[in-house]
Colleague: 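Pasting in a structure now, in structure tokens, and then I'll have a few things to ask.
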Amino acid sequence: MMRTHRKNTNWPYVVILMCLFALSVTSPRHWRNYVRKASSVQPTAEAVMVDAPMPSPSVSSEISGGVADSPPAESVAAPSALVRSPQHELSVHSLAQPQWVSASEKITRLNTVDPLPRSNHTPSIQPLLAQPPIAPNPGGVAPDDIADSDIADSDIDVAEVQPVRSASLPQSVTLIERLENLEVNGECSLWAYEVIDLLEQLATLEADDRNSIDENLKSLRKAVADADRAAEEAEKIDDPEAASQLRHARYALLRRLDVWQQAGQVKVAAEVTPPSSAEVFRNISQSADEVARAASLTKMGGLWKRYLMLDELRRLASEPGESPIARRRQVARRVLFRAESPGLSETQRRFTESPSVKRLKTHLRYWAAEDVDVAKLLADVEQFEQDRSADAARRVAETYQRIRWSPVQAERDLAERIAKHYRNANVRLAVTDRFLNLMLPRIEPKLGTINDTFLGNRVHGRKVWTTQLRTRLLPSRRRLRFALEAHGEVHSRTTALNTQATFHSRGVSRYHAGKLIQVGPRGMRLWPAIADVQSDSELEDVETSYDGMWLIGSIAKNYARDQHEQMHDEAMNEVNGKIRREATRYLDAQVDRQINKFKTAFATHVLDPLKHLSLRPQPIQLVTTKERMVSRVRLATAHQLGAFTPRPRAPGDSLLSLQIHESAPGNIIEQLDLDGRTFTLRELRRWVHEKTGRTGRPKSADPTRTDPLPADIEEQLPEDVSITFADHQAVQIRFAEGRVVVTLNVKQLDTPNRRIKNFTVEAAYQLESEGLEAKLVRKDAIRLSGKKRINMRGLIVLRGIFGTVFSKNRPVELLGHQFSSRPGLDDVTVTQLVVRNGWIGMAIGPRRHARLVKPRPVVGQHTE
């Protein structure tokens, strides 16, 4: 009998149960995302804000001492707030926002009334010796801590609650996405859910519901404090990834709260009535006269008058009907820019802080002021947070440049917070004294001859110099200060010839020379070397012309020794003086030669190209402690932003650490002005050389090259290929998810046989390190995408061209042979190399503790 096999029919039920379980877990979150995406569709400006006024034309602020008119701002209404009813229905009526009127709008009427006669009042001011600088640097923003912290601390007090008077705030889509990524972690999920709910509630509140807005922001500030405690708990249970994610989310929330809180104060300040136009013109004329009289009491009075443009101010104040508003605004901003420059010396700063100059600056702000739509500013900030676009960044930066000159303190404070959080330093370098000492050269003993005159006696012999160099950091809160010191000894054997005797001696001189070097906002300064010398000698033998005579020879020798002993101190003083002069000359010559060599190379490869791109490194913080020097620099024009995310934390034993935010190379690329232009691939290289002021054809082996098409790659490119970049954001660079991604947006590429339009090229680089070398290497294939599908033949053409441009065989060196070839760095290696949160973090430390910090896995696809 055949045995029948009975089929098992339980597995369909098991599959169904598993599907139901999966749906029960994922459906709530997907429903939340669906509702959020659906609600993010905003009604048009015409439908929501019919009566919205048009923003007025703007004048950009001074860049490197000049002021240029900018085109009128776009008349785009601020995006409306999201309103969600209990049934998730959109209400058009609730989406309408009232216009946020700045106090500076009331200042426009100040430019139409004739001024009153000027006053002859003379203030009593002590004469000050000061010389105005020729080219002051732009101002900075609040620094972060000196120590390598995971985030830059803010000075906002999370426990402080101030009433907020604002329109509805924009929805923080990017922050909510980051918080959703935190929900997968058990330690963070409750906190993330709470903050998401508060943010969504805040976006639905009407501008007139001030009590609800205040209570909501109070709860969000409490959430900031809760995030600190949660991060500490995560560290205790050895979960550094959760702690880092929490700190990043906390900082993203904190910077928004900081800006939102101050933006609310602008509404209150807008209710203050400004002075009349006649009063402002009269005050400027009187203040300019007062400053001119105060400057005449100083030795540099004429320079101060020209530097502060006093004659021009008085002329404009006396001709209100003839001088255009734009010219008054331009001159006022230029004077304010110069008077508040961080490049002023202490003596110069005392003059610009004198009562007369302070009064002049106060009155000039009414000329420099310009209308600002704060609601639109907040919307632009959130747009930049979401897409990092250059257009949004430019709008935020231009609004900042307008409100920083406002006569209203609340608006200036808002500009300061925008600068602190969105125009922060994007390059940070920290160097320890130990690393500097390792970089110093070892000086071999130097043999020399002595042929000189001491106390009228001819002296000849031989000497041996031994020298050791070391650096010593000198603490300073505003500058990089250190002393280069030389410690050494001079051993000598000499013979001194006298008319009566010959003295044979040996001596030793110990010297300590030092040279102070300082880097500040006004550049580098070197002080002359100084030295301290202590010498001693021992008389070994004396020869006289009576040595062959019994008794007389002995008496002659004793007499010569006594004379030598009496003149010993005087001779040692003369020896010390000669060695002091020789040591200081040697130290000055060596340091000056090396510094000049460094300054020439730095200017050639860094400063000059940046100057041609209208970029000037602006020091935000220069600090020296006993252990390290820290410099934080912003690389951006007046119309660009800087860093706004927390930088990676360097290992505690780092000898050198460097962090670079993606905004630094991004701002450089933007200044190349590639948008909408057409080049052959070889013309592109020449264009970059012209834009950066580099002439000639640099050698391909030069590690300081910055052009995108090196000579050896250029020779492989076809001559008959032309590329037209997209009209906006032609080249983008992003530091995210452990990679550096370079994106080219191309409008059109022409070859002899083919034309390809509207496509994107994406090349991703990964970090690699070995010893003291760190580099970016492309390992993955180049990604190509387009609005229309690219056929196989087109893909082959594109991969051939851009595979050569972004060659796998040509990595980008971050730390090259300039470190690896140093003999004193044998026990030092790269201890950190990460790409995180928009930053590249690198560190060099001792080899015995070398544990390379690799990029952490990123939860989700979006990086804050």
Side-chain angles (χ1 to χ4, degrees), residues 437 440-472 474 482-517 526-594:
N437 288 323
L440 291 176
R442 298 177 182 177
I443 302 178
E444 299 295 330
K446 182 176 66 173
L447 301 178
T449 59
I450 300 175
N451 190 6
D452 207 341
T453 301
F454 290 90
L455 300 181
N457 299 321
R458 196 67 184 172
V459 179
H460 61 85
R462 301 181 66 83
K463 62 182 177 181
V464 179
W465 281 76
T466 59
T467 303
Q468 292 182 343
L469 298 177
R470 65 180 294 267
T471 59
R472 182 165 57 91
L474 305 174
F482 66 97
L484 181 62
E485 300 177 342
H487 302 265
E489 295 181 350
V490 181
H491 296 267
S492 61
R493 286 185 176 273
T494 59
T495 298
L497 303 178
N498 193 298
T499 56
Q500 299 177 352
T502 301
F503 301 91
H504 300 279
S505 305
R506 66 177 181 179
V508 58
S509 300
R510 297 176 177 85
Y511 68 91
H512 174 203
K515 187 177 181 66
L516 177 62
I517 303 173
L526 306 178
W527 274 261
I530 58 176
D532 182 29
V533 183
Q534 293 182 349
S535 300
D536 198 4
S537 67
E538 179 182 353
L539 183 62
E540 293 184 317
D541 193 13
V542 177
E543 297 178 3
T544 68
S545 56
Y546 304 102
D547 287 350
M549 302 180 182
W550 180 78
L551 185 60
I552 295 179
S554 177
I555 294 175
K557 281 192 175 185
N558 289 336
Y559 177 77
R561 290 179 184 275
D562 291 341
Q563 293 296 317
H564 180 273
E565 186 67 24
Q566 292 176 9
M567 303 187 66
H568 177 268
D569 292 343
E570 186 177 356
M572 288 300 96
N573 289 335
E574 189 169 349
V575 170
N576 290 344
K578 290 181 178 293
I579 293 178
R580 185 182 299 111
R581 288 191 292 272
E582 187 170 355
T584 54
R585 278 199 305 268
Y586 171 79
L587 191 58
D588 280 334
Q590 292 295 321
V591 172
D592 291 346
R593 181 167 59 86
Q594 293 297 328

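By convention here, the first residue in the shown sequence is residue 1.
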Colleague: Does atom CD of Gln468 have more than 12 heavy-atom neighbours from other groups under 6.0 Å away?
Modeller: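 Counting other residues, nucleotides and ligands, CD of Gln468 stays at 12 neighbours or fewer.
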
Colleague: Atom CD of Glu565 and atom CG of Leu539: how far apart are they, to the nearest 0.5 Å?
Modeller: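 Going from the CD atom of Glu565 to the CG atom of Leu539 covers 8.5 Å.
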
Colleague: Less than 4.5 Å apart, any side-chain heavy atom of Trp465 and any of Ile579?
Modeller: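 In contact.
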
Colleague: Just jot down the side-chain contact (heavy atoms from CB on, under 4.5 Å) partners of Leu516, sequence neighbours excluded, or say none.
Modeller: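 Leu474, Arg481, Trp527.
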
Colleague: Identify which one of Thr495, Asn451, Asp452 satisfies the side chain to side chain donor-acceptor pair (under 3.5 Å) criterion when paired with Arg458.
Modeller: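 The option that passes is Asn451.
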
Colleague: Please enumerate all residues that pass side-chain contact (heavy atoms from CB on, under 4.5 Å) together with Glu540, with sequence neighbours excluded.
Modeller: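 For Glu540, the residues satisfying side-chain contact (heavy atoms from CB on, under 4.5 Å) (neighbours in sequence not counted) are Arg493, Arg506.
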
Colleague: Taking only residues two or more places apart in sequence, or in another chain, which ones meet Leu440 in a side-chain contact (heavy atoms from CB on, under 4.5 Å)?
Modeller: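 Once residues adjacent in sequence are excluded, the partners of Leu440 under the side-chain contact (heavy atoms from CB on, under 4.5 Å) criterion are Asn437, Leu469, Thr471, Leu484.
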
Colleague: I need the Ile555 CD1 to Asn558 CG distance, nearest 0.5 Å.
Modeller: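 Here the rounded value is 8.0 Å.
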
Colleague: Check side chain to side chain donor-acceptor pair (under 3.5 Å) between Arg510 and all other residues, then give those that pass, not counting sequence neighbours.
Modeller: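 Per chain and number, Arg510 pairs via side chain to side chain donor-acceptor pair (under 3.5 Å) with Glu489.
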
Colleague: Going by the rule salt bridge (charged side-chain N to carboxylate O under 4.0 Å, His left out), which residues pair with Lys463 if we only count those two or more places apart in sequence or in a different chain?
Modeller: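 With sequence neighbours excluded, Lys463 shows a salt bridge (charged side-chain N to carboxylate O under 4.0 Å, His left out) to Glu582, given in chain and number order.
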
Colleague: In Å and rounded to the nearest 0.5 Å, what is the CG to NZ distance from Leu526 to Lys515?
Modeller: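 Answer for the CG-NZ pair, Leu526 versus Lys515, is 5.5 Å.
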
Colleague: Could you tell me whether the side chain of Thr494 reaches within less than 4.5 Å of the side chain of Phe503, counting heavy atoms only?
Modeller: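 They are not in side-chain contact.
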
Colleague: Output the distance between atom CZ (Arg581) and atom CG (Asn576), rounded to the nearest 0.5 Å.
Modeller: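 If we round to the nearest 0.5 Å, Arg581:CZ and Asn576:CG are 10.5 Å apart.
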
Colleague: State which residues pass side-chain contact (heavy atoms from CB on, under 4.5 Å) with Ser537; sequence neighbours excluded, sorted by chain then number.
Modeller: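 Per chain and number, Ser537 pairs via side-chain contact (heavy atoms from CB on, under 4.5 Å) with His568, Met572.
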
Colleague: Side chain of Asp532, backbone of His512: donor and acceptor closer than 3.5 Å?
Modeller: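 Between the backbone of His512 and the side chain of Asp532 there is no qualifying donor-acceptor contact (under 3.5 Å).
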
Colleague: Identify the two heavy atoms, one from Glu574 and one from Thr453, that lie closest to each other, and give their separation to 0.1 Å.
Modeller: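 Between these two residues, the closest heavy atoms are OE2-O, 3.5 Å.
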
Colleague: Could you go through Met549 and Thr544, starting from their C-alpha distance and side-chain angles, then the distance that decides it, and tell me whether this counts as side-chain contact (heavy atoms from CB on, under 4.5 Å)?
Modeller: CA-CA 10 Å; Met549 302 180 182; Thr544 68; over 6 Å; no

Colleague: Do Thr449 and Arg462 come within less than 4.5 Å of each other through their side chains, counting heavy atoms only?
Modeller: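 Contact flag for Thr449/Arg462 side chains = yes.
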
Colleague: Mind listing the closest non-hydrogen atom pair of Thr584 and Ala531 along with its distance?
Modeller: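 So the two residues come closest at CG2-CB, 3.6 Å.
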
